[in-house]
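Data block below; observations after.
What you see is a predicted model; the values in this text were computed from it and never measured.
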Amino acid sequence: MQLTTALAMANGYAPNAGELGKLSDILDPNLIDQAFDNAGVGTLRKRRLPLDMVLWSIIGMALYRNTSVWDIVGQMNIMLPGKRTLVAPSAIPQARQRLGEHAVQMVFEHTQAIWNAQAEHPTWHGLRLLGVDGVVWRTPDSTENAQAFKKSSNQHGEQHPQVRMVCQMELTSHLLVSSRFESSSTNEMVLAEQLIETTPDHSLTLFDRGFYSLGLLHKWQQAGTERHWLIPLKKGTQYKVLRKVGRNQKLVELTTTPQSRKKYPELPETLQARLLSQVIDGKERTILTSMIDPMRYPSSDIVELYEQRWEIELGYREMKQSLLQNHYTLRSKRPEMVRQELWGILLAYNIIRYQMIKMASKLKGIYANQLSFTSCATVIINWLYTASLFSAGNIPKTLGNMQDLGEHFILPMRRTERIYPREVRSKQVKYPVKKMPVSS
């Protein structure tokens with residue numbers, strides 16, 4: 001039985017929406033159809049490879065990184081309608097082109113909206129904790145990729161076309177909220193600005209100091225209700241102290257530049273923000289935030305709260321090292337397929353992360369980011385690999401059993417006292433260095 005068929009049939013046997021084990025927890029076939037319709041790819045001739053199977057093959061490219069696309073098709077039992085023979089190898093690239101990148105993006109956006117709404121994310125003083133940061137992906141060095149994406153060289157002289165991506169992540173679960181990506185020549189703040197529309201109300205977004213732009217931060221805050229931000233104070237930033245609002249905290253006034261006001265017409269000449277300082281591990285940390293009310297947002301843990309920003313860095317490591325198994329170069333050799341593959345990676349990551357939220361929901365006092373991603377991903381990927389072997393009526397039960405395994409994957413408490421200074425490691429040499437004879 002094909003995986004997509006098994007999941008569709010099993011929906012008829014799934015428990016009620018309020019119970020665990022529902023197949024829409026994985027990927028609802030009806031939601032896929034709706035996303036395809038919105039993307040304008042829902043109507044195709046029956047003899048062609050169904051696009052929901054093509055979508056699963058794209059997800060499989062991320063889940064089974066060491067497996068060729070043709071083997072993924074075989075493992076997931078992807079066949080033509082009405083036939084029991086696998087599709088030809090050339091059919092998958094053609095089907096990927098018909099599907100396009102926008103359809104996979106629509107599935108990602110539909111699922112994240114539903115899953116983030118259903119998940120009971122913990123809040124900080126009524127605000128959801130979000131993080132924004134960038135990452136770079138390396139693509140195959142094809143002519144088309146080189147034209148679409150800027151080449152960058154590293155310390156070893158290697159050159160590959162690269163894609164710059166900026167993501168927004170819910171920090172307690174690592175569930176992705178939104179993402180935008182372009183050529184590596186595109187500035188991160190340009191991509192971050194495109195995430196404003198998907199930012200939920202009553203949220204606090206943590207930025208790295210590289211995103212410091214008063215125009216961006218003001219627009220972020222004004223786009224909705226209680227959309228706060230938190231960012232380290234950039235070195236050399238000029239400000240005027242209006243008054244002290246407590247120990248080691250001040251209400252300050254920041255002056256915007258004419259260039260910023262030209263780019264952001266609604267940006268005023270001055271902005272007010274709250275400046276907090278605290279010594280952590282012998283180093284003074286200075287934080288700037290839009291949460292200027294000291295009564296509602298006490299200063300006792302705001303500076304330490306910024307440490308949560310590193311959760312998105314851990315999420316990127318989970319994608320590149322655990323999910324893709326350190327294969328830093330993507331598969332696709334054409335720009336539109338590169339973008340489609342990236343949406344597939346983000347979708348595959350969210351599928352795993354949402355299952356981890358379900359696992360954590362059965363454990364008292366445990367959040368999804370306290371579970372081992374590597375161990376959970378192994379169990380979830382193996383479940384997807386074998387799901388088509390189960391009868392449709394047993395799939396919800398096996399899914400529920402998988403979600404009961406969370407207690408075995410709880411990580412130990414993080415040790416905050418360890419500090420590892422950054423260092424550049426030399427690249428391992430493939431061949432031994434020939435020793436030249438010393439002349440007398």
Side-chain angles (χ1 to χ4, degrees), residues 3-8 10-12 14 16-18 20-44 50-63 76 95-96 98-121 128 130 132 165-170 173-181 191 194-201 203 223-224 315 319 323 336-337 339-358 361 368 380 384 387 399:
L3 175 61
T4 52
T5 304
L7 294 179
N11 273 329
N16 296 327
L20 294 175
K22 194 173 186 298
L23 264 298
S24 57
D25 289 348
I26 294 291
L27 198 54
D28 190 350
N30 295 325
L31 189 148
I32 295 176
D33 293 339
Q34 180 183 355
F36 285 176
D37 289 339
N38 292 341
V41 296
T43 304
L44 290 173
L51 293 185
D52 56 346
M53 299 183 187
V54 181
L55 174 67
W56 274 106
S57 70
I58 296 171
I59 296 173
M61 289 168 59
L63 299 179
M76 305 185 80
R96 287 185 61 192
R98 292 200 309 270
L99 180 61
E101 60 180 276
H102 185 55
V104 186
Q105 177 184 357
M106 292 295 293
V107 175
F108 168 81
E109 293 179 350
H110 277 60
T111 52
Q112 75 79 19
I114 293 175
W115 292 342
N116 273 295
Q118 292 178 349
E120 297 180 358
H121 298 302
R128 286 178 54 185
L130 305 173
V132 169
M165 173 186 288
V166 173
C167 291
Q168 186 176 49
M169 175 183 288
E170 204 286 325
S173 65
H174 290 195
L175 196 65
L176 295 171
V177 176
S178 56
S179 177
R180 294 294 183 269
F181 41 86
L191 298 176
Q194 299 176 28
L195 305 180
I196 294 179
E197 59 182 353
T198 58
T199 302
D201 292 337
S203 62
M319 289 185 218
L323 187 61
E336 58 271 22
M337 295 297 99
R339 291 187 284 265
Q340 184 191 72
E341 182 180 351
L342 285 173
W343 286 118
I345 291 173
L346 300 180
L347 179 57
Y349 180 77
N350 262 9
I351 289 175
I352 295 173
R353 270 293 164 187
Y354 187 64
Q355 289 306 303
M356 294 176 65
I357 293 176
K358 290 294 185 180
S361 67
I380 295 167
L384 288 170
L399 177 59

Is there a side-chain contact between [X] and [Y], using heavy atoms and a 4.5 Å cut-off?
| X | Y | result |
| --- | --- | --- |
| L346 | Q112 | no |
| R353 | L175 | yes |
| L384 | W56 | yes |
| L63 | I380 | no |
| I345 | F108 | no |

Looking at every heavy atom in both [X] and [Y], which two are closest together, and how far apart are they?
| X | Y | value |
| --- | --- | --- |
| V107 | A35 | CG2-CB, 3.6 Å |
| T199 | S203 | CG2-OG, 3.7 Å |
| G224 | D201 | CA-OD1, 3.5 Å |
| D52 | F36 | N-CE1, 3.7 Å |
| G344 | I58 | CA-CG2, 3.9 Å |
| H174 | Y349 | O-CE2, 3.3 Å |

Under the rule for side-chain hydrogen bond (donor to acceptor under 3.5 Å, both in side chains), what residues qualify as partners of H121, not counting sequence neighbours?
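Partners of H121 under the side-chain hydrogen bond (donor to acceptor under 3.5 Å, both in side chains) test: N116, E170.
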Please round to the nearest 0.5 Å and tell me the distance separating atom [atom1] of [X] and atom [atom2] of [Y].
| X | Y | atom1 | atom2 | answer |
| --- | --- | --- | --- | --- |
| R128 | S173 | CZ | OG | 8.0 Å |
| I352 | M319 | CD1 | CE | 10.5 Å |
| S361 | M356 | OG | CE | 12.0 Å |

Could you work out, with salt bridge (charged side-chain N to carboxylate O under 4.0 Å, His left out) as the rule, every residue matching R96, not counting sequence neighbours?
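Testing R96 for salt bridge (charged side-chain N to carboxylate O under 4.0 Å, His left out), a comparison that skips the adjacent residues, returns none.
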For E120, what residues pass the salt bridge (charged side-chain N to carboxylate O under 4.0 Å, His left out) criterion, not counting sequence neighbours?
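E120: no salt bridge (charged side-chain N to carboxylate O under 4.0 Å, His left out) contacts found.
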Short side-chain to backbone donor-acceptor contact, N350 and L176, under 3.5 Å:
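Indeed, once roles are kept as given, a pair shorter than 3.5 Å links the two residues.
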For A223, enumerate each residue passing the side chain to side chain contact (heavy atoms under 4.5 Å, CB included) test, keeping only those at least two apart in sequence or located in another chain.
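Checked A223 against side chain to side chain contact (heavy atoms under 4.5 Å, CB included); matches are I196, R227.
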Residues which pass side chain to side chain contact (heavy atoms under 4.5 Å, CB included) with E101, listed by chain and number, not counting sequence neighbours
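Result, side chain to side chain contact (heavy atoms under 4.5 Å, CB included) vs E101: E336, R339, Q340.
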Apply side-chain contact (heavy atoms from CB on, under 4.5 Å) to residues E109 and T198 and explain how you reach the verdict.
CA-CA 10 Å; E109 293 179 350; T198 58; 5.9 Å; no
Could you go through the side-chain contact (heavy atoms from CB on, under 4.5 Å) check for R180 and L195 one step at a time?
CA-CA 7 Å; R180 294 294 183 269; L195 305 180; 3.8 Å; yes
